[in-house]
Amino acid sequence: MLLIRCPYCEAERPEVEFTYAGEAHIARPADPSALSDEEWRDFLFIRTNPRGRHFERWRHMHGCGRFFNAVRDTVTDKFAMTYKAGTPRPSDEEIALAVSASSAATPAEEARP
Amino acid sequence: MSNFRIAGKGRVNRSRQVRFSFDGVDYTGCEGDTLASALLANGVHLVGRSFKYHRPRGILSAGSEEPNALVGSNRGNGRFEPNTRATVLEVFEGLKTESQNRWPSLTRDIGAVNDALYMLFSAGFYYKTFMWPKSFWDKVYEPVIRNAAGLGKAPTAPDPDVYASRFAHCDVLVVGGGAAGLAAALEAGRSGASVILCDEQSEIGGSLLSEPTAEINGQLAWDWLEDTNAALAAMPNVTVLPRTTAIGYYHQNFVGLCQRLTDHLSIVPDGAPRERMWKVRAKQVVLAQGAIEKPLVFAGNDRPGVMLAGAARTYLNRYGVKVGNRVVIVTSHDSAWHAAFDLAKAGVEVAAIVDVRGTVPTQLVAAADALRIKTLIGWTITGTKGRLRVSSVRVNPVTTGGKVGGAETIACDALLMSGGWTPSIHLFSHTQGSLTWNEDGQMFLPGRGKEECRLAGAGKGRFGLKAAFEDGAAAGAAAAADAGFTAQPASYHVEGELSFTGVTGRELPTDRDPGHAKAFVDFQNDVMAKDIRLAVREGFKSIEHIKRYTTNGMATDQGKTSNINGLAVASDALKRPIPAVGLTTFRPPYTPTSFGTFAGYNKGELFEVTRKTPIDGWAAENGAVFEPVSLWRRAWYFPQVGEDMHAAVARECKAVRSSLGMFDASTLGKIEIVGPDAAEFMNRMYTNAWTKLAPGRCRYGLLLGEDGFIRDDGVIGRLSHDRFHVTTTTGGAARVLNMMEDYLQTEWPDLKVWLTSTTEQWSVIALQGPNARKLIEPFVEGIDLSEGAFPHMAVATGKIFGVPTRLFRVSFTGELGFEINVPARYGRAVWEKLFEAGQRFGITPYGTETMHVLRAEKGYIIVGQDTDGTLTPDDAGLSWAVGKTKPDFVGKRSLSRPDMLVPNRKQLVGLLTSDPKTVLEEGAQIVLDPNQPVPMDMVGHVTSSYWSAELGRSIALAVIQGGRSLQGQTVHVPMPDKVHAATITGMVFVDPENTRLSA
Ligand SMILES: [Zn+2]
């Protein structure tokens, strides 16, 4: 079970308090009627589905109830950072900074036979 | 029965004898015995038949890695478990056990014919042998295989036991209570860190329990162990959990521990949990799981009496049991020599030590000579004999050129083998930690980890006691330091170390045809070396594919004793080095774990929450039959004496249509939407227009997803310009609120709107029927109920029976109706008052079934029953509920996508069967031409279907391609009895002019 940091509660909480809410930074178009069928299809269904760094939304369902964004690696499941809804997509530098600041796992020592 | 217990040896309690049975024969063991040690003490090696070939099998190991000795264990009172490992099961007074996979008896087993037919059962036999003819699969092959294969029989009675679970947090979790784990726990404990130490065995100590003569810091091992256990017990910050297996290692140092609490007791205290799942979140983890000995791969290595040398040593030193009277050792590793020495010193005749290596440490040979043990260095083993127990072995010299010389036969009653040791890296592997191949030790070792985790001791390839202690101490101290404590690892002085060099893992050379050698790699799944070679010949290259094709390592032991041997055989066949062939992935649980442990408290009534309305108690007292609706239990119908469901529902329906019914609608989802922008928010969320809805009026609201499909519906009342009382479907309440919150928080955070779930704040009583107004008029204060002042779809606040109410004039039946919302705590009282006052109208409580019939008679849809997530408002005949002039709402853009506008979309229509007595099955498929060839072209399905007492016939709703344009046409509904004809109609069957709504 993952530990997830809620950026509103400013606390790490177990995964069972949260629900996943899909990919982040997909804003609903201000005027959907202005979109072509293809553009609307892309908004509805087309997602990046990356292997690796994924920007995604979570809701602190059984906590403060807020939706927020997260950067998670889909291979390792590891969260790089979480941030409030409405804040822009963090840059590579910001993500790297967040990873180094967090108490990321210290790798086990290399095996010495 | 012969007694193989040796005086003065072992840790079992000789003064506490326990009686148990195996296959109906009574035996005596000692407190502290496992079933395996107790059977061996009685001279019993044969304990089961193998999975595929039904070959006689004995006890291979002395631990949880056991692949062979699986038994059915009966702990009484319906407590039966199949596939219990005899090497783990602790004996107690009255334990009943039985062998598996044999018929009619263990010694005479008809299934053993498979052994003679072994060529049929080679690698991939499932995929090849039974492919033809196709019709044989269901009727012949599958049942026969199912009957013949498989291991134990599943219990048929419900599990009577209770299971516990708990969360725990600690600074340092130490997995494994052997030398390394104990040293780690000591360091972490002394530092003041909170520590959990768990070990799967009944006693803490690991290999120390088999090393009574080793000296640690000047103390004999068992004295040191006793003092250490006492020291740990005295530390309030340390929790020691024996009989507790770390079964899985998950993200962020979350480790599942299965603690066995009562399986070893002859009398289980009432209500005591059998097992407890610990869900531990640890700041630091030390894995000290030790190593597992590998069998050697040679013909006949699976015969009862053939056993791992380390296991034989454990049975001798820990349990005081000799595994035979005349033993032969075959090994590629030093450690087996110590088993020979210990057995010889205990008076067992050691017929020979066969070492497949060309050279052996001289001190071992000297020690063997001193004990007058014959040594055959550079020899191989090429066969064993003995039907139900090994009686002799066939050994041959091997020249330096690799030529196998003439065979020699040595009589024995036990053969002890060792192919070296495999570090237990399973839990580390669960964390996706990388593994590196160690060529010298021929073993995989932990590489880079992904968690805050250290490994120590033999589990990391550091063999020997001193190495284990010091590695463990270093890991424990470092883990404590990383958790914020200060620790200085102690050093250890050890006397009496075993020698730990050896080579590993190749099928042994033979002078016979290896293509016919029954040289087993995976004992539990009956996989032989030649099966793996066959898989390679047939083109399999990846070990993951070879594993699945041969099933090597796929049994319940997950290949603990077979993976590396299988890999070595595959590596030889592929002519590629082992690291290039790769290792299969280990997955939780580490050892087989009961379903009960995973379920924990979540069984029976606690399986999931049962939500009950404030009126539920009244319904129960008045004979309601209940049905589950999402998490709620709802009154389904109220049968009177002698009534079945059909009769009760017909009576309830008639009462509503003719006079008055009452219905508990409290489960309806309710959301209060409040704020200056409430109407704007409603406009954006729902399809309908809300701006012009006057306070005091209601509207049917339809909610879509952005894809344009119906998600939910409900009546929504506007209480004031900035306050809406939204109702949702019973099952949709949480989902709708989540969706609303999502849009409000992330798309339109500028809107000044607040959302509150009020589902459980209100009790809702639906009063439906022509006499509804007459009943409540005298009891309502502050609301003019006259038709002109309070028409259909009106809402007002006032009082009823002196209780505050939000009164809705709404109908889900087509009759004059009210939905009386009162604060939940008054729900039952108001219900009872209405029931009492309503007697003069013959008021009839009704349940969800009648509600369904009445709404279907009116063509009112149930979202999720008549819709399935693919219906647009137009598909459902609800275009009138869409505010077409609104610039936008959730889902609007999708309604103009081309595929939403095609004419043959499935549309909701009514269906009347040609035979009025036929009630169609909900979900039944619909075809236009019943005589077309199979597979038929299915144009839709029945969504709702009931008997209508009002009409004296059946009615149904259905979705049919282009259905609205097919009005009056006949369609056909194939059902199990026959194909039924039905006519497509409109959806409203009763009172299409809605005259009754305003009666
Ligand atoms: Zn929060």
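In what follows, chains carry the letters A, B, and so on, assigned in the order in which the sequence lines appear, proteins first and then strands, with residues in each chain numbered from 1. Note: hydrogens, waters and symmetry copies are ignored here, and every other heavy atom, side chains too, is used.
By a heavy-atom distance cut of under 4.5 Å, A:L2, A:L3 are the residues of residues 2-11 of chain A near chain B, going up by number. Contacts between residues 63-72 of chain A and chain B, defined by a heavy-atom separation under 4.5 Å, are made by A:G65, A:R66, A:F67. Of residues 45-61 of chain A, those residues lying under 4.5 Å from chain B by any heavy-atom pair are A:F45, A:R57, A:R59, A:M61. Identified by a heavy-atom distance below 4.5 Å to chain B, the contributing residues of residues 82-94 of chain A are A:A85, in residue-number order.
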Report the C-alpha separation of B:R897 and A:W40 in whole Å, then their side-chain angles, then the decisive distance to 0.1 Å, and conclude whether the side-chain contact (heavy atoms from CB on, under 4.5 Å) test is met.
CA-CA 9 Å; B:R897 292 178 64 216; A:W40 184 248; 3.8 Å; yes
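Contacts of B:S894 with chain A are made by both backbone and side-chain atoms, with heavy-atom separations under 4.5 Å. Only the side chain of B:D888 comes within less than 4.5 Å of a heavy atom of chain A; its backbone N, CA, C and O stay farther away. Interface remark: B:Q432 contributes side-chain atoms only to the contact with chain A (heavy atom separation under 4.5 Å). In this structure, the portion of B:F167 lying under 4.5 Å from any heavy atom of chain A is its side chain and not its backbone. Neither the backbone nor the side chain of B:F463 has a heavy atom closer than 4.5 Å to any heavy atom of chain A.
Counting only heavy atoms from C-beta outward, the side chains of B:H251 and A:K78 never approach each other to under 4.5 Å.
For B:E747 (side chain) and A:R28 (main-chain N/O), a donor-acceptor pair under 3.5 Å exists by modelled atom type.
A:D37 and B:R893 are joined by a salt bridge, as a carboxylate oxygen and a charged side-chain nitrogen come within less than 4.0 angstrom of each other.
Ranked by heavy-atom pairs shorter than 4.5 Å toward chain A, the options B:N738, B:N253, B:D707, B:T746 are led by B:N738.
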